[in-house]
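Here the structure comes first, spelled out in structure tokens, and everything after it is commentary.
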Amino acid sequence: MLSYLHGFHAGNGADVHKHAIYVTLLKRLADKAKPFTAIDLYAGSAVYDLTASEALKTGESVGGIAAMIDSRDPSLAPYLALVQAANAGGRVTVYPGSPELARRILRHGDELIVNELHPREAETLRRWAKGNSAIHVHKRDAIEALTAL
């Protein structure tokens, strides 16, 4: 059985760096007229509650997104704007993972393929994507998904 759940680590320092780069790349693709498809092989749950017991147990978001949300670094601005848009009022209690960040960048005609092997995470991902025809959810091993897709 799979045991890794990203909810324990959501919003940590590695997420901040990874997602800032991811948003920059997707926004560059969105600057072009041609539609694009993004593939996320390790999608997780898409959105994380930083007040949930899992996130509070490790507290990793304190040294990650909570420490960076007020950054004035212009290279982080597009990413931080998306994180702030997912949170009402200024305090970061919701962390948008890579699928949610991508969803917020997609334009008409763009597509997002998300993959997650963990059964509970995959089901959460399916509920999150329900009704959005631009998002396709797969539950596969990442290498299998990469070669199949």
Side-chain angles (χ1 to χ4, degrees), residues 2 4-52 54-55 60-61 64-149:
L2 299 170
Y4 181 85
L5 294 173
H6 193 62
F8 288 96
H9 313 286
N12 67 19
D15 270 356
V16 170
H17 292 282
K18 172 182 68 176
H19 290 148
I21 293 166
Y22 185 61
V23 166
T24 300
L25 291 171
L26 290 178
K27 285 196 170 275
R28 291 295 298 264
L29 289 171
D31 284 344
K32 299 176 183 253
K34 187 173 182 175
F36 68 88
T37 299
I39 300 174
D40 188 338
L41 296 174
Y42 299 94
S45 294
V47 179
Y48 302 93
D49 178 359
L50 297 180
T51 66
E54 293 89 355
E60 292 182 28
S61 67
I65 191 58
M68 296 300 295
I69 195 66
D70 294 322
S71 173
R72 301 284 186 239
D73 184 335
S75 67
L76 295 176
Y79 156 70
L80 293 176
L82 292 175
V83 173
Q84 289 168 333
N87 290 275
R91 183 170 169 247
V92 179
T93 59
V94 173
Y95 188 75
S98 52
E100 176 64 12
L101 292 168
R103 184 194 65 78
R104 291 173 175 266
I105 295 169
L106 292 180
R107 307 158 302 165
H108 179 72
D110 296 336
E111 294 190 354
L112 175 62
I113 299 171
V114 292
N115 179 74
E116 177 55 52
L117 182 58
H118 192 284
R120 189 173 79 195
E121 301 280 277
E123 182 54 35
T124 301
L125 200 56
R126 277 189 174 76
R127 285 192 306 273
W128 166 82
K130 188 175 182 173
N132 189 331
S133 62
I135 301 175
H136 313 282
V137 179
H138 293 261
K139 181 184 172 286
R140 302 176 178 204
D141 173 80
I143 300 302
E144 176 192 338
L146 181 61
T147 56
L149 300 169

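Keep in mind it's a predicted model, so treat the numbers as computed, not measured.
- Residues Ile135 and Glu111 are not in side-chain contact: their nearest non-hydrogen atoms beyond the backbone lie 4.5 Å or more apart.
- Annotation for Val16 and Gly64: closest pair CG2-C, 3.7 Å, computed over non-hydrogen atoms.
- In this structure His9 satisfies the ring-ring contact (aromatic ring centres under 6.0 Å, His included) test together with Tyr4, sequence neighbours excluded.
- Looking only at distances, a side-chain donor or acceptor of Asp15 sits under 3.5 Å from a matching main-chain atom of Gly11.
- Between Tyr22 and Ala102 the shortest heavy-atom distance is OH-CB, 3.6 Å.
- In this structure the side chain of Lys27 never reaches within 4.5 angstrom of the side chain of Thr24, judged on heavy atoms.
- Between the side chains of His6 and Tyr95, no donor-acceptor pair is found at a separation under 3.5 Å.
- Nearest heavy-atom pair, Val114 versus Ala43, reported as atom, atom and distance to 0.1 Å: CB-CB, 3.7 Å.
- Atom CZ of Arg107 is surrounded by more than 12 heavy atoms from other residues, nucleotides or ligands within 6.0 Å.
- Asp40 places none of its side-chain heavy atoms less than 4.5 Å from the side chain of Asn115.
- Nearest approach of Ser45 to Glu121, heavy atoms of both residues: OG-OE2, 2.8 Å.
- Under a 3.5 Å cut-off, the side chain of Asp110 and the backbone N or O of Phe36 do form a donor-acceptor pair.
- Using a 4.5 Å heavy-atom threshold, the side chains of Leu146 and Leu41 count as touching.
- A salt bridge links Arg103 with Glu100; the closest basic N to acidic carboxylate O contact falls under 4.0 Å.
- A heavy-atom distance below 4.5 Å is found between the side chains of Thr37 and Ile113.
- One finds the CG atom of Asp141 at 6.5 Å from the CD1 atom of Ile143 (value rounded to the nearest 0.5 Å).
- With rounding to the nearest 0.5 angstrom, the CG atom of Leu80 is 12.5 Å from the NE2 atom of His19.
- Checked by atom type, the side-chain pair Ser75/Asp73 shows a donor-acceptor distance below 3.5 Å.
- The minimum heavy-atom distance linking Ala122 with Val137 is given by the pair O-CG1, 4.4 Å.
- Of the residues Arg127, Arg120, Arg126, the one that meets the salt bridge (Lys or Arg N to Asp or Glu O under 4.0 Å) test with Glu123 is Arg127.
- Rounding to the nearest 0.5 angstrom, the gap separating the CD1 atom in Ile65 from the CG atom in Asn12 is 10.5 Å.
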(message) Using the rule given for side chain to side chain contact (heavy atoms under 4.5 Å, CB included), can you reason through Arg28 versus Leu25, listing the C-alpha separation, both sets of side-chain angles and the distance that settles it, and then say yes or no?
(response) CA-CA 5 Å; Arg28 291 295 298 264; Leu25 291 171; 5.7 Å; no
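- Listed for the Asn87 side chain is a donor-acceptor partner under 3.5 Å among the backbone atoms of Thr93.
- With contacts defined as side-chain heavy-atom distances shorter than 4.5 Å, the pair Val83/Pro96 qualifies.
- The shortest distance between side-chain heavy atoms of Val92 and Leu50 falls below 4.5 Å.
- Between Ala10 and Ser61, the shortest heavy-atom contact is O-CB, 3.5 Å.
- We find the CG-CG distance between Leu112 and Asn132 to be 8.5 Å, quoted to the nearest 0.5 Å.
- Distance check: Leu117 CG to Arg140 CZ gives 11.5 Å after rounding to the nearest 0.5 Å.
- With values rounded to the nearest 0.5 angstrom, Ile105 atom CD1 is found 5.0 Å from Leu82 atom CG.
- Among pairs with a residue in residues 120-146, none fulfils ring pair (Phe, Tyr, Trp, His ring centres under 6.0 Å), at least two apart in sequence or across chains.
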